[in-house]
2 protein chains.
Amino acid sequence: MTVHEHGRYSTGVEDLPYRSVPEAAVGRLAVYLRVLTSMIEQGVTTMSSEVLAGAAGVNSATLRKDLSYVGSYGTRGVGYDTARLVEHIERLLGLTRHHSIAVVGIGNLGHALANYPGFPDRGFPVTALFDVDEDLIGVPVGGLPVDHVDSIPAICAEREVTIGVICTPVPAAQGVCDLLVAGGVRCILNFAPVVLQVPDDVEVRRVDLAVELQILSFHQVRRGNGIGPVVEPIDPIAVSR
Amino acid sequence: MTVHEHGRYSTGVEDLPYRSVPEAAVGRLAVYLRVLTSMIEQGVTTMSSEVLAGAAGVNSATLRKDLSYVGSYGTRGVGYDTARLVEHIERLLGLTRHHSIAVVGIGNLGHALANYPGFPDRGFPVTALFDVDEDLIGVPVGGLPVDHVDSIPAICAEREVTIGVICTPVPAAQGVCDLLVAGGVRCILNFAPVVLQVPDDVEVRRVDLAVELQILSFHQVRRGNGIGPVVEPIDPIAVSR
DNA sequence: GCGACTTTGTTCCTGCGTTCACAAGCGGCT
DNA sequence: AGCCGCTTGTGAACGCAGGAACAAAGTCGC
Ligand SMILES: NC(=O)c1ccc[n+]([C@@H]2O[C@H](COP(=O)([O-])OP(=O)(O)OC[C@H]3O[C@@H](n4cnc5c(N)ncnc54)[C@H](O)[C@@H]3O)[C@@H](O)[C@H]2O)c1
Ligand SMILES: NC(=O)c1ccc[n+]([C@@H]2O[C@H](COP(=O)([O-])OP(=O)(O)OC[C@H]3O[C@@H](n4cnc5c(N)ncnc54)[C@H](O)[C@@H]3O)[C@@H](O)[C@H]2O)c1
């Protein structure tokens, strides 16, 4: 059991001030939010759980239960007021204020993220870029100049960065992570295929594309959709040598 | 070896020729695989579940249970033979053959993916690129020329593409998805923030970065680490208007 | 060769998450 | 105004995943 010095609450996330919301539900709520905003742009003012669930790709009972974490803001016999629902979901997800993002490692992936307008549009302004490559320092990417990694702690603290995005090669990821934590960043999105070690009060989410591909590969083979010759059984004698 | 007696589950996933492996376990096995290959490169030939679990960031009991889906290839009192374990995990995940990838939408993100060496290195060669932009057609990206989206069905079938990666803007995603399915692609990795509608035998995995950020935002706020004033209660009268 | 130690593989159990099902509530229709 | 049909919100059941604990099994030291 890994009990670190930071482990204030040992039983996980029990002592929450509000009703406990399952992690899986939080992710789905973010999806509902996007569907709803898209619907609102099309002039939809009311939606039933059945329709919204269909658009979000989930069971309608699951959707209603998820929304019950937000509160009871539907009207029986009618459905949900889209605008009001958006407001309350945003509140629950903490989107009532902006969360500054810092991107570290302005290579192929970092460039794409730094230029992506979808983040600032959703309340996640990119306010700092970092790299170790001298040729990149000072160069503006997406309108923001790149700073040196050494200044991560100072700049992150100064600009109140709440989310750090790591797009560096694997060997640099842990060091960059430590710098972000030193700068007060408590939420990290990690694209480097490595498991980061962080204090208990830091939340890391990993986006691992190779793992996604391998899960797809598993389903492909398991499903028997193999195109070529696929899985020949291992010869136990040859294996045990 | 042990088939659960009270659990002949038909969880939507049809008749499996082997023991049923939980989806979550599949994802973790892919992580173990990477840790193991990295360790093998460093000359490690044997690992205990405790050490491997630490490196992968999971509980050691969970790790052993996951490995039990693969089979019993450990040695009590010693640990696991790294090379042998890699071989068997790759077999389970269907990595004994290559899975051709097609990337559709060669914009910022598509460029990054097409140039990423980590995919071919892991047995996922990128064999087709598509876009609708005439200026891009024929231009080589990562050594491979871009083809027109209209040729998706023909080229995917011809090159036996098994995984399609969608990096187009949201409005184009569903159409591109349909073309991929028409070309025989049964596994799709979707970066566009939209829920795709597909036949039952097509597996879609969505990589939704905005959702990831919003989950982080939720934890940040829930944790009380807010920097500014954050969640003031909604005035019910003002809301109901 | 034997005992003690190490580590696996598995079993049991607890808790979460999803789904079913239905009563309660609301609007519209007559 | 009152009834009818539709939709929400939730209580209960169920299936699954994760963690603790332990017995079996094999190794290493002596
Ligand atoms: N490109 C992709 O499509 C893709 C896909 C999956 C995963 N990834 C992962 O994302 C990460 C970045 O990928 P990429 O393709 O952008 O790589 P890249 O090589 O194009 O860019 C890496 C950047 O990180 C910078 N860097 C190196 N060391 C650094 C340090 N110590 N501090 C700060 N910056 C540093 C480099 O200067 C470079 O600009 C890698 O870990 C890769 O495995 C990328
Ligand atoms: N860039 C990012 O960091 C990022 C992050 C999260 C999500 N996304 C999502 O990924 C997708 C791509 O993002 P991007 O930044 O690369 O966008 P982009 O605008 O840079 O590239 C989109 C590409 O798709 C092509 N395209 C347009 N319509 C097409 C069609 N019908 N068929 C084929 N190709 C078509 C365009 O020509 C362009 O090359 C978007 O849906 C975006 O929301 C991107």
Side-chain angles (χ1 to χ4, degrees), chain A residues 1-3 10-14 16 19-29 31-32 36 44-54 56-82 84-85 88-89 215 240, chain B residues 1-13 16 19-29 31-32 36 44-82 84-85 88-89 215 240:
Chain A
M1 184 72 166
T2 54
V3 179
S10 51
T11 52
V13 247
E14 304 301 308
L16 294 176
R19 179 167 22 165
S20 146
V21 182
E23 176 97 1
V26 174
R28 285 190 299 267
L29 282 166
V31 175
Y32 308 153
L36 284 167
V44 178
T45 59
T46 293
M47 283 187 88
S48 74
S49 65
E50 204 69 45
V51 173
L52 182 50
V58 303
N59 184 294
S60 69
T62 300
L63 179 133
R64 288 199 298 277
K65 180 145 287 188
D66 289 345
L67 293 186
S68 78
Y69 295 120
V70 183
S72 297
Y73 300 113
T75 305
R76 297 173 188 224
V78 176
Y80 298 90
D81 180 287
T82 50
R84 194 161 145 198
L85 201 48
H88 287 277
I89 293 178
I215 293 175
S240 61
Chain B
M1 197 168 302
T2 318
V3 181
H4 297 127
E5 289 121 322
H6 72 275
R8 175 106 15 103
Y9 21 78
S10 60
T11 59
V13 193
L16 299 176
R19 179 172 20 171
S20 141
V21 183
E23 177 98 1
V26 175
R28 286 192 298 268
L29 283 166
V31 175
Y32 307 153
L36 284 166
V44 178
T45 60
T46 292
M47 281 187 89
S48 73
S49 65
E50 203 69 46
V51 173
L52 182 50
V58 303
N59 184 293
S60 70
T62 300
L63 179 133
R64 288 199 298 275
K65 181 166 290 185
D66 289 344
L67 292 187
S68 78
Y69 295 119
V70 184
S72 297
Y73 300 111
T75 306
R76 298 174 186 223
V78 176
Y80 297 91
D81 180 286
T82 50
R84 194 161 144 197
L85 200 50
H88 286 278
I89 293 178
I215 293 174
S240 61

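Because only heavy atoms are used, hydrogens play no part in the values below, and waters and symmetry mates are left out as well, while side chains stay in. This is a predicted model, so every value here is computed, not measured.
Closest to the side chain of Pro22(B), out of dT10(D), dA17(D), dC20(C), is dA17(D). Side-chain proximity of Asn59(A) to the nucleotides dT19(C), dG19(D), dT18(C) is greatest for dT19(C).
For the pair Tyr80(A) and dG9(D), the criterion of a side-chain N or O lying under 4.0 Å from OP1 or OP2 is met. Side-chain nitrogen and oxygen atoms of Ser68(B) include none within less than 4.0 Å of the OP1 or OP2 phosphate oxygen of dG9(C). OP1 or OP2 of dT8(D) lies within a sub-4.0 Å distance of a side-chain N or O belonging to Ser49(A). In terms of phosphate contacts, Arg28(B) brings a side-chain nitrogen or oxygen within less than 4.0 Å of OP1 or OP2 of dG18(D).
Glu50(A) places its CD atom 16 Å from the C1' atom of dG5(D), with the value rounded to the nearest Å. The distance between atom CG of Asp81(A) and atom C1' of dT8(D), rounded to the nearest whole Å, is 14 Å. Nucleotide dG18(D) holds its P atom 14 Å from the CG atom of Leu67(B), rounded to whole Å. Spacing between atom CZ of Arg84(B) and atom C1' of dT8(C) amounts to 13 Å, rounded to whole angstrom units. Remark: P of dT6(C) and CE of Met47(B) are 19 Å apart, rounded to the nearest angstrom. Spacing between atom CG of Leu63(B) and atom P of dT8(C) amounts to 8 Å, rounded to whole angstrom units. Look at CG on Asp66(A): it is 10 Å from C1' on dT18(C), rounded to the nearest Å. Rounded to a whole Å, the OH atom of Tyr73(B) is 17 Å from the C1' atom of dT10(C).
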_Per-nucleotide protein contact string for nucleotides 25-30 of chain C (B base, S sugar-phosphate only, - none; heavy atom under 4.0 Å)_ = BBS---

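Nearest-nucleotide mapping onto DNA chain C: of Arg64(A) and Glu23(A), the residue sitting toward the 5' end is Glu23(A).
Ala24(A) comes within 4.0 angstrom of the backbone, heavy atoms only, and of no base.
Looking at Asp81(A) and Thr75(A), their side chains never come closer than 4.5 Å, going by heavy atoms from C-beta outward. Taking 4.5 Å as the limit, some side-chain heavy atom of Leu67(A) sits within range of a side-chain heavy atom of Ile89(A).
The salt bridge (Lys or Arg N to Asp or Glu O under 4.0 Å) pairs that include a residue from residues 69-80 of chain B number zero, where partners must be two or more places apart or lie in different chains.
Residues meeting the side-chain contact (heavy atoms from CB on, under 4.5 Å) test with Ser48(B), sequence neighbours left out: Glu50(B), Val51(B). Judged as a side-chain contact (heavy atoms from CB on, under 4.5 Å), and not counting sequence neighbours, the contacts of Ala61(A) are Asn59(A), Arg64(A). Applying the side-chain contact (heavy atoms from CB on, under 4.5 Å) criterion to Val26(A), with sequence neighbours excluded, gives Val21(A), Leu93(A), Ile215(B), Phe218(B). Residues satisfying the side chain to side chain donor-acceptor pair (under 3.5 Å) test with Tyr32(B), not counting sequence neighbours, are Asp66(B).
Distance check, rounded to the nearest 0.5 Å: OH of Tyr80(B) to CG of Leu63(B) gives 6.5 Å.
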Would you tabulate the nitrogen or oxygen pairs shorter than 3.5 Å linking the protein to nucleotides 11-13 of chain D?
from    : atom 1 : to       : atom 2 : distance (Å)
dG11(D) : O6     : Lys65(A) : NZ     : 3.4
dA12(D) : N6     : Lys65(A) : NZ     : 3.2

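Between the side chain of Ser60(A) and the backbone N or O of Ala53(A), no donor-acceptor pair lies under 3.5 Å.
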_Residue pair Thr82(B), Thr46(B): steps toward the side-chain contact (heavy atoms from CB on, under 4.5 Å) verdict_ = CA-CA 5 Å; Thr82(B) 50; Thr46(B) 292; 5.8 Å; no

